[in-house]
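Below is one structure; the comments refer to it alone.
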Amino acid sequence: MWLHPDLGKNLPLISLLSAIVCLGGCTNQPTDDQLEVWRKEAIARNAQIVADNAKKTRPSEWNLVIQGETATGKPVKLDWQQLFALANTHVKTTDANQVVQRERIFDFRGIPVSGLLKNFGYQSNVTEVTFVCYDAYQVTLPLTDLLAYPIILALTSNGKPIERDQGGPTYLVFPDTDFPQLLQKYDSSSWAFYVNHVVVGTERVKLQVGKRELNLTDLDKLPQVTLTEPVGYRVGWPNGKIQLHGVRMRDVLALAGVQLPSLGFVVVRGKPPIYNNPANPVTLPAANVRDCDIVLATRWGEDKQLIPARKGGPITLAFGSNCNLKDLPWVTFVEALTTKQ
Ligand SMILES: Nc1nc2c(c(=O)[nH]1)N[C@H]1C(S)=C(S)[C@@H](COP(=O)(O)O)O[C@H]1N2
Ligand SMILES: [Mo]
């Protein structure tokens, strides 16, 4: 659902191109409606980031959570002081996001992701790690590269905390200058800004609904639905219609004994902090929850694979075409539902 501003800027061009390219009847391109949704979402996100910048969350209030298929499987939240103590690695490199000073070498100091993986461990089936950012952007990297290269979560650049508009307080930095082969694999889109969560592999399904905590077995007992829709966020999914399988939100609320308020809302909380701004929560009108297919998806595709972290899993919010909710985001990493009058 996050959209890179580049796409927003190039929107007329992209619509034009897809119009031309699709004269032959292709279905693989996002529709103008879809692009419009993405554009609106991008504008809303950017406005949010600007608002948050204005508030200037101080680095000292910043947290990083390590979670997923770690040795214990229990999320661990590190505060700024703890992060600083782990930031023992210097990487001197050009910065993929410096378009003006392309050649300039910065001295980044940060936490080696390999060190986090050694400290917190990973299950033997883990092949990748997903970095989830404040603004719901996410980047997934293979475990092998994270173990092979000093890829760091940088906290300082040339001895100073990294500004928000430079990717701070926690900026995923690649040692491009020492390992130029990385330039072939990872471009600036992999340099994640304001990373809040390191998800090792994929988390287990765990959904807080009212006072109940539901797992995959609970959800699998409910009536199953399949939507075939273009996914409402971009990262991790191909364009075009995708099969998403899951359960209706109204059934989930009923299972947990949470009554749907007749005129109120369901508030959806997802992992990325931008979804959880108390001043601007993601709310779904109860009427829609009752009448259309608002789905919590846990599987996708013909073979019903579990949705991995790289696709915003294990639970993502999805709207059926019978929902008129175009301006609302499809929330990634859904963690909790509450209701509000
Ligand atoms: N948290 C976060 N990190 C991000 C992005 C983003 O939108 N959010 N954009 C990525 C992309 S696509 C690029 S090219 C660079 C620069 O993004 P910018 O042009 O929006 O500054 O940051 C990368 N890291
Ligand atoms: Mo980008």
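Remember, it's 1-based here, ligands and their atoms both numbered in the order they're listed. Quick caveat: nothing in here was measured; it's all calculated off a predicted structure. No hydrogens, no waters, no symmetry mates; every other heavy atom, side chains included, goes into these values.
- Distances between N or O atoms of Asp135 and those of ligand 1 include at least one value under 3.5 Å.
- Under the 3.5 Å distance criterion, with hydrogens and angles disregarded, a donor-acceptor pair is assigned to the side chains of Gln98 and Gln166.
- A salt bridge links Lys271 to Glu203: at least one charged side-chain nitrogen sits closer than 4.0 Å to a carboxylate oxygen.
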Considering only distance and modelled atom types, tabulate donor-acceptor pairs under 3.5 Å from the side chains of residues 284-297, sequence neighbours left out.
from   : atom 1 : to     : atom 2 : distance (Å)
Arg290 : NH2    : Ser262 : O      : 3.4
Asp293 : OD1    : Arg248 : NE     : 2.7

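- At a heavy-atom cutoff of 4.0 Å, ligand 1 is contacted by both the backbone and the side chain of Phe193.
- Near Cys133, meaning under 4.0 Å from one of its heavy atoms, ligand 1 places the atoms 1 (N).
- Tyr134 carries Arg164 over the face of its six-membered ring, with the cationic atom under 6.0 Å from the centre and within 45° of the normal.
- Of the candidates Tyr134, Trp191, Phe131, Trp191 brings a heavy atom nearest to atom 24 (N) of ligand 1.
- The distance from ligand 1 to the heavy atoms of Tyr194 drops below 4.0 Å at these ligand atoms: 1 (N).
- Remark: Leu147 engages Ser114, Leu117, Tyr122, Leu143 in a side-chain contact (heavy atoms from CB on, under 4.5 Å) (not counting sequence neighbours).
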